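Only a predicted model underlies this, so the values are computations on that prediction, with no experimental measurement involved. Naming: A, B, ... by sequence-line order, numbering from 1 per chain. Excluded from the calculations below are hydrogen atoms, water molecules and symmetry mates; all remaining heavy atoms, backbone and side chain alike, are included.
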Amino acid sequence: MKFSPSIIGLFLLVVVLVATLFALPGPAEDGQNDPRAATSSTGLALINARVFDGQSVHDRATLLMQDGRVEELLVDGSVPEGFDVIDIEGGTLLPGLIDAHVHSFNSAREDALRFGVTTMLDMFRPPFDLEQVRSQRDALRPTDQADLFSAGFLATAEGGHGTQYGIDVPTLAEPDEAESWVDARLAEGSDYIKIVIENGSAWSGQLPTLERPIVEALVKAAHGRNALAVAHVSTQTDARMAVEAGVDGLVHLFADEPMDPEFAAHLAARQVFVIPTATVLAGAHGRSGKDWITAADDLPARLSSEQRQSLDQSFPGSGLRAERWPLVPASIRTMVNAGVELLAGSDAPNPATAFGASLLHEIKLLSDSGMGPLAALRAATSVPAARFGLEGRGCLRAGCRADVVWIAGNPLDNVDELRALRAVWKNGAAIAVDTEVSAPAAATSEALAVPLDMHSTGQWMASTDEFMGGQSTAEIELVEAGASVEVSGQLNPGFPFPYAGVMWIPGDEMMTAVNLSNAVTLSLRLEAEQGSYELMLFSGQETMAPPIRIDLTANADNRIVLSDYSSLDPSRLRGIGVYATGNAQSYRFTLRDAVLR
Amino acid sequence: MTPNSMPMRRRLVSYAHFMHCQWLNLLRVPAYSIPTLLFPIMFYAFFGILMNPGAASYLLATFATFGVLGAALFAFGVGIATERAQGWYTLIRATPAPLPGIVIGKWFGAALFSSVIVVSMCAIAAFLGDVRLEQVQWWGLLAVLIAGTLPFCLLGLGLGLMLSPNAAPAVINIVYLPMAFLSGLWVPVSQFPGWLQALAPWLPPYHLAELALHVIGARAGDPWVNVLALLMFSLAFSVLVMIGWRRMLAMTK
């Protein structure tokens, strides 16, 4: 058979396909061709630095880094030959920070690293890439991702907390399933076991949860395999149960009641650690860390659009719980006084948190709640490293990883100076700090916790099509408690159907929509000089379900019969928006007498 | 050389000719080949890389499934319907050429297209989407997706034997696109409302996507359920093919 040009062409195509497949990168090769890798052969000396080595502070020390590790910490301040030198004068070096409570999805590991978090302890994510995650964190080559340790799947009851995110979690029903369940997790690559004890009562709900016998069996199975067992709890009662069942740590502080000093002493005596996740609790009580983070000069440029988004989100009804907030710092103070070991964790990316940035806020909250800066920084470095057995992390001594944070200031004097983040090194290589993503402005302005007649609850928030990629603006001009809300702004082209106005958030339960199935009508009066207006009703099981849109008449009483809209789910009402619609015009309207009956 | 081996050898040579002809066909009608190849790849570049950063590897599995699904359905469905209407198969029946060669040729074309689509997507995923897989996973993805086109080749063949050349593209689009969407090839099934989620396992592309996801490490369960489901679908579509085949033979008699 002769080879015609077409046969040769076919042969070439196959060769190209095969060659392409062979050329595709594998996880282990990642970063090998990185230009930064070449520089790591010359060591780096950071001189004239105040160094917090994970335990204590040294003034005017020299930190030597080579091949991804700390070569030496020279506390006498001497500078050896043969190193590239960076003068840290006036600044502070910290070990790469450890966030002890995250849920690592999407670009979490890049996002956290820009804020100096070089190691994250994940408390629930699908485990399918854990082998790759392990080989990455064992390596010392330059990377733009924080290292990850993970619980993998969490232990929960069928239909319990953790099953609501669309991830197929293997659940438990009987204590005798614990051994094989733990075996399966460790085989998947879980580094520790996370147990959910959550009956929903703290959030006025009801959830199936694991009972004590199963918790005990899980703890026993984990300990029998040299794995830590940590527990999610949200009430003091459940916390006591978890501790009696033998868990090593609690991954949240409960906020249903103040910490009982006797229980705190018991925690200390049993050496049970607590990850208070104060920053996410602050968000849940209308005290989001967003303002603290964005008020800094250097931090906002490091936020990606995803980080801004999660930071902008708020828990429904969080403003209404504001008066309960002092309970959280008080409980932390009680634990500090009792000598309970506390670990810093953010619970990012929950609403009002952002990977990395929120850990800095957590350190601040811990520091302000009686720990002081030094102990709070230990809680984000040496303490989690010791409790979770993370070798070479949370420390800056010879042999530790060259994970280093440079703060232009002294956070040990003033914890707020943590925000003067100057540079981050991971495995000895500097991390690019600015995100390339152009950061959009916040989709909503600050939540105003002013209840209206509309069930005399909820809060008003400015709301625009920016969420959909548009450029319209809205500003809440005036809110008269229990009477009216005045909104103005500009409808700008961007989103195909521009809209802007105000959104009423009904929720007074965390993370759940509100049941308003008794409501039959919605009446409101809209006062405006010009323009067309629309009502949007957000409801249903999915947070992102498209709203029902109803035209409104300006300068008239509008009465909407809810049962007219079959796709409305008043049992899961998430929000009611009143929006100006149309193109390129400014608008101003006042909303009065909004009542759900 | 025994007398028996002669026809078999000729048969194989003849199949090779059919495959070669299919290749020539694809080369000589670039107006068909290029868009068919580019469409799913472009789709993945937009939705898998640009729009959803961070989901590039999950969407690689589902969009690659989408790509091979289209290659199989169109090569068989539209190709066979058109050539049949042109009287091409009547002509072939008048020659000593073995009739199954038509199917083998078409299969070769579909597999070639599928390979180009899968490998191109893998390259985009790796170099634009920072997807990192082991060598065995890259190859496994290609192998699973090529082998997994069996039920869709049969479905396309069945439709191609039944439909007129005018109806074929329209009908196949209406099978292809909704089936792809409802199987979660564009948006993960877990994002659907509950009742819609329940529909997905009754559609064959869902099971192929599950296998692809298994290869890239996004599924933990037992893949044999999905293999079995795909075989069952293949069996069902074979019945369709047999009916269509008989009809064609009867009509050209």
Inset, instruction - Step through the shown structure and confirm whether more than 12 heavy atoms of other residues, nucleotides or ligands are within 6.0 Å of CZ on B:F127. - result: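 It does: B:F127 CZ has more than 12 such atoms within range.
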Legend entry - Neighbour count above 12 (heavy atom, 6.0 Å) for B:M232 CE: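 Counting other residues, nucleotides and ligands, CE of B:M232 stays at 12 neighbours or fewer.
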Legend entry - Region of B:V116 in contact with chain A, defined by heavy-atom distances below 4.5 Å: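 Contact with chain A is through both the backbone and side chain of B:V116.
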Inset, instruction - Check whether B:W23 gets within reach of chain A through its side chain, its backbone, both or neither, counting any heavy atom under 4.5 Å. - result: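 Contact with chain A involves the side chain of B:W23 alone.
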Quick one: [atom1] on [X] to [atom2] on [Y], what's the gap to the nearest 0.5 Å?
X     : Y      : atom1 : atom2 : result
A:L24 : B:R132 : CG    : CZ    : 9.5 Å
A:S4  : B:L24  : OG    : CG    : 7.0 Å
A:L10 : B:L27  : CG    : CG    : 8.5 Å
A:L21 : B:L141 : CG    : CG    : 9.0 Å

Legend entry - Per-residue contact mode, A:Q132 against chain B (heavy atom under 4.5 angstrom):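 The side chain, not the backbone.
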Inset, instruction - Identify which part of A:V18 has an atom lying under 4.5 Å from any heavy atom of chain B, answering side chain, backbone, both or neither. - result: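 Answer is both: backbone and side chain atoms of A:V18 are under 4.5 Å from chain B.
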Legend entry - Side-chain (B:Q135) to main-chain (A:A23) donor-acceptor, under 3.5 angstrom: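 It does not hold such a pair.
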Inset, instruction - Check whether any side-chain N or O of B:W139 sits under 3.5 Å from a backbone N or O of A:F22 as a donor-acceptor pair, and report yes or no. - result: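 No: the side chain of B:W139 does not pair with the backbone of A:F22.
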Inset, instruction - Could you tell me which non-hydrogen atom of B:W138 sits nearest to which non-hydrogen atom of A:P25, and how far apart they are? - result: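 Taking every non-hydrogen atom into account, NE1-O, 3.1 Å.
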Legend entry - B:V118/A:L17 under side chain to side chain contact (heavy atoms under 4.5 Å, CB included): CA gap, chis, key distance, verdict: CA-CA 10 Å; B:V118 173; A:L17 290 180; over 6 Å; no
